[in-house]
Protein chains: 4
Amino acid sequence: MGMNVHPVASTQHSESTEGGKRERILDAALALFAERGFHGTPVPLVAERAGVGAGTIYRYFASKEALVNALYRQWKMAFIDCVTADFPIDKTTRAQWSHVFRRAVEFAQKNPLAFDFLELHHHSPYLDDESRAIEHRVLTLAQSILGASRMLHATRDEEPMLLISLVWGGVIQLIRCARQGMLELSPEMLERFERLSWEALRA
Amino acid sequence: MGMNVHPVASTQHSESTEGGKRERILDAALALFAERGFHGTPVPLVAERAGVGAGTIYRYFASKEALVNALYRQWKMAFIDCVTADFPIDKTTRAQWSHVFRRAVEFAQKNPLAFDFLELHHHSPYLDDESRAIEHRVLTLAQSILGASRMLHATRDEEPMLLISLVWGGVIQLIRCARQGMLELSPEMLERFERLSWEALRA
Amino acid sequence: MGMNVHPVASTQHSESTEGGKRERILDAALALFAERGFHGTPVPLVAERAGVGAGTIYRYFASKEALVNALYRQWKMAFIDCVTADFPIDKTTRAQWSHVFRRAVEFAQKNPLAFDFLELHHHSPYLDDESRAIEHRVLTLAQSILGASRMLHATRDEEPMLLISLVWGGVIQLIRCARQGMLELSPEMLERFERLSWEALRA
Amino acid sequence: MGMNVHPVASTQHSESTEGGKRERILDAALALFAERGFHGTPVPLVAERAGVGAGTIYRYFASKEALVNALYRQWKMAFIDCVTADFPIDKTTRAQWSHVFRRAVEFAQKNPLAFDFLELHHHSPYLDDESRAIEHRVLTLAQSILGASRMLHATRDEEPMLLISLVWGGVIQLIRCARQGMLELSPEMLERFERLSWEALRA
DNA sequence: TATGAATGAGCTTTCATTCAT
DNA sequence: TATGAATGAAAGCTCATTCAT
């Protein structure tokens with residue numbers, strides 16, 4: 001739960017006949033932007049997939065750029081919420097990393113299109129300042145958590161950005177490999193990776 | 001040398017007046033595709049930056065897609081060559097990882113546009129099978145090397161893809177962070193990251 | 001009175017909350033068509049300014065063209081009524097011209113938007129035959145009056161159309177100049193122009 | 001002559017197969033803008049009439065607005081040149097007015113579309129500052145000439161703008177009437193109007 | 001009766017590609 | 001061989017009109 005108050009769960013099916021128009025447009029845009037990129041996706045195609053008229057999109061979003069930004073924010077926030085909800089703030093750093101890792105993988109598995117979209121579009125020129133600001137918040141949060149656990153000697157006495165790069169880049173790559181069929185993300189495999197990445201983090 | 005026989009060195013300056021037209025076109029396309037993406041870059045703009053006529057591009061490349069594929073292959077190969085050239089096949093796994101890590105970072109620092117381009121475009125719908133095949137070769141190579149060192153108990157007794165994902169994803173993320181100014185890649189920092197990632201790999 | 005039974009007085013304020021919807025629509029259309037032209041004015045914008053729903057306009061007017069024609073007729077008639085009401089049929093031609101001139105200027109000053117609208121739209125392709133017929137009636141009237149006074153040697157022994165063109169074109173130009181701020185239409189200035197134009201007409 | 005160095009003479013035929021593309025576009029735009037207005041004329045229609053591709057227009061003009069401004073300036077300048085060329089600066093004011101009147105009528109008869117276009121579009125919101133500046137120059141010139149002749153007691157001792165409004169508005173109206181078939185502009189008729197308007201001007 | 005969300009045809013503009021030079 | 005003017009299909013977007021409410 002937590003993440004379920006967001007449109008996360010409701011959006012991975014794409015040709016729904018029910019549902020608000022705005023949501024249908026966002027769903028269609030997610031699938032197409034993830035697959036073909038922003039510039040590679042014509043607005044009329046989004047409209048067709050959403051089952052609405054082309055003009056209708058402009059009743060909900062001021063421009064194609066506004067649409068991609070709305071989409072980006074929605075899913076970035078959903079991802080952040082998913083990972084941070086029920087964060088075991090009073091547990092060990094070990095437990096915290098376990099939580100973050102599991103939630104991130106869970107999000108990517110439940111929302112594969114959203115995961116691809118976020119990976120594909122982060123730091124694109126058409127993202128506005130607000131979208132980029134959200135991006136920044138995650139890093140800041142991660143840095144502060146790791147900074148704290150470093151003080152407690154729970155994690156390695158290292159520059160936090162180095163540790164974050166290693167394990168977070170690792171997680172993203174893991175999911176990508178799985179997406180390309182080079183690896184099957186069985187519960188056992190996930191546990192092994194989680195242990196492995198914790199080895200890289202811990203003091 | 002190794003990597004120097006490839007167009008690596010000649011391509012990071014972009015307005016050159018000398019040089020073959022084909023190369024000038026590829027250089028211009030690299031800079032523009034890296035910055036604005038494939039669909040976001042008009043062919044006439046590539047021509048202008050290359051200092052050639054728009055029609056000339058079509059004398060060297062059958063289409064815009066052919067151009068991006070040629071570019072992708074060129075740089076992916078250059079990257080592979082850079083990392084694999086002088087590979088210390090007879091040294092310790094530790095030395096091998098050190099070699100790979102240093103070369104990858106070196107490549108990214110010498111060819112920032114190429115690094116961005118490869119990251120941005122991997123697995124795009126307009127890449128053809130041959131381009132994708134090259135992508136695959138790297139992984140296969142890495143897997144076999146790690147498989148061998150696993151046998152020798154030089155690296156952890158783990159599924160190679162898990163280890164590869166972790167450290168390789170880490171390297172890519174490290175470079176990205178540096179590109180965005182969140183980290184300065186000083187020699188010392190690089191050494192620390194290399195040690196860190198080796199810790200994750202080693203038995 | 002005369003002209004006051006027409007919607008002349010009620011229409012130069014534009015955001016009225018009272019009043020019939022039809023009238024509010026016509027008022028909004030007048031302001032917008034005068035400022036931006038027919039093709040330059042979206043129907044939804046007319047609706048917004050009129051404070052009605054977009055669909056409501058189509059309950060009162062069959063189409064945008066029907067609206068502009070209704071507007072044209074309304075104001076052309078209002079103008080004709082304004083100029084012809086209380087026409088001193090039994091006075092001297094001199095007095096008659098004075099009346100016409102004063103009334104025309106008065107109309108333009110009281111209804112600047114209507115004056116601009118009529119000037120901008122006369123003989124537009126989207127005006128229908130009926131609208132154009134009204135246009136014609138004015139000229140015919142003027143010609144007959146001037147024809148009569150010519151017989152009486154009150155005005156020059158000239159082709160009436162020539163005299164009409166001169167003084168009527170002059171009046172329109174005078175008002176235009178004033179609208180553009182190139183001239184201030186003080187009572188004294190008006191009197192001077194009236195005398196001048198009479199000099200052009202009189203025998 | 002004088003005006004013949006400008007594209008005046010060459011532009012009233014519209015479907016020409018010879019001629020520069022830019023000129024063909026301007027000719028087509030003139031006819032269509034004069035007939036249907038700026039907002040009422042789609043760019044592809046201009047292209048079709050000019051016998052060029054739709055995209056070609058944008059090689060010559062940055063936008064539809066740039067096109068209408070170029071057109072406006074071209075013809076406004078042509079008109080000014082036509083009226084001012086060979087201006088009898090050292091002759092009587094009477095001769096000067098005769099010159100201006102004849103040239104203006106001549107221009108309107110040779111370039112009926114241009115005359116309509118200029119009349120229809122003057123002071124439109126899409127005209128830029130430069131276009132408007134040209135507009136202003138004419139008035140300033142006329143005012144100074146009439147101011148001078150007033151000093152010499154060659155014309156009435158009146159506010160120049162009043163006289164200009166009267167006779168210039170008259171000329172425009174005369175041409176309009178002729179265009180609508182309400183008057184035939186025979187040489188004799190023109191001479192009579194010219195005499196009439198001079199009567200209105202002279203001391 | 002009145003609405004305004006929805007539409008899709010049509011607008012302005014761009015751009016991958018061609019071809020006369 | 002190299003060009004870049006020209007193209008027209010298709011892009012992003014607007015708006016006159018409709019119709020379910």
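Chain letters run A, B, ... following the sequence lines, proteins first and then strands; every chain starts at 1. This structure is a prediction, so every number in the text was calculated from the model and none was measured.
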Could you list the protein-to-nucleotides 16-19 of chain E atom pairs, N/O on both sides, closer than 3.5 Å?
residue	atom	partner	partner atom	Å
E/dA16	OP1	B/Lys64	NZ	2.9
E/dA16	OP2	B/Val43	N	2.3
E/dT17	OP2	B/Tyr58	OH	2.9
E/dT17	OP2	B/Lys64	N	3.1

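- Atom CG of D/Leu67 and atom CG of D/Leu26 lie 6.0 Å apart (nearest 0.5 Å).
- If you take CG of A/Leu67 and P of F/dG12, they are 11 Å apart, rounded to a whole angstrom.
- Of the possible donor and acceptor atoms, one in the side chain of D/Arg132 sits under 3.5 Å from a partner among the backbone N and O of D/Ser124.
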Exercise answer: donor-acceptor pairs, residues 114-122 of chain A side-chain atoms, under 3.5 Å, sequence neighbours excluded:
residue	atom	partner	partner atom	Å
A/Asp116	OD1	A/Arg179	NE	3.2
A/His121	ND1	A/Tyr126	OH	2.9
A/His121	NE2	A/Phe33	O	3.3

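- In this entry the distance linking CG of A/Leu45 with C1' of F/dA9 reads 16 Å, nearest Å.
- Atom CZ of A/Arg22 is separated from atom P of E/dA6 by 13 Å (rounded to the nearest Å).
- Between the side chain of A/Thr41 and the backbone N or O of A/Gly37 there is at least one donor-acceptor pair closer than 3.5 Å.
- C/Arg59 places its CZ atom 5 Å from the C1' atom of E/dT1, with the value rounded to the nearest Å.
- Pairing each heavy atom of B/Ala47 with each of B/Ala54, the nearest pair is CB-CA, 3.6 Å.
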Study note, to complete from the structure: Encoded 5' to 3' (Watson-Crick or G-U under 3.5 Å; [ ] crossing; | other strand), DNA chain F becomes .||||||||||||||||||||

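- Here the P atom of nucleotide E/dA5 and the OH atom of A/Tyr60 are 8 Å apart, to the nearest Å.
- Between B/Ile57 and D/Val52, the residue whose closest nucleotide on DNA chain F is further toward the 5' end is B/Ile57.
- Figure legend: cation-pi geometry between A/Lys64 and A/Phe38, with NZ or CZ positioned under 6.0 Å from the six-membered ring centre and within 45° of its axis.
- Within the 4.0 Å cut-off from OP1 or OP2 of F/dA5, not a single side-chain nitrogen or oxygen of D/Lys21 is found.
- Note: CD (D/Glu48) to P (F/dA9) measures 13 Å, nearest angstrom.
- Regarding D/Ile25, its CD1 atom lies at a distance of 9 Å from the P atom of F/dT7, rounded to whole Å.
- Among the heavy atoms of the strands, none lies under 4.0 Å from C/Phe61.
- A salt bridge is defined here as a Lys NZ or Arg NE, NH1 or NH2 lying under 4.0 Å from an Asp or Glu carboxylate O, and B/Asp128 with B/Arg73 meets this definition.
- In this structure, CH2 on C/Trp75 lies 8.0 Å from CG on C/Leu71, to the nearest 0.5 angstrom.
- A side-chain donor-acceptor contact under 3.5 Å links A/Arg24 to the backbone of A/Ala50.
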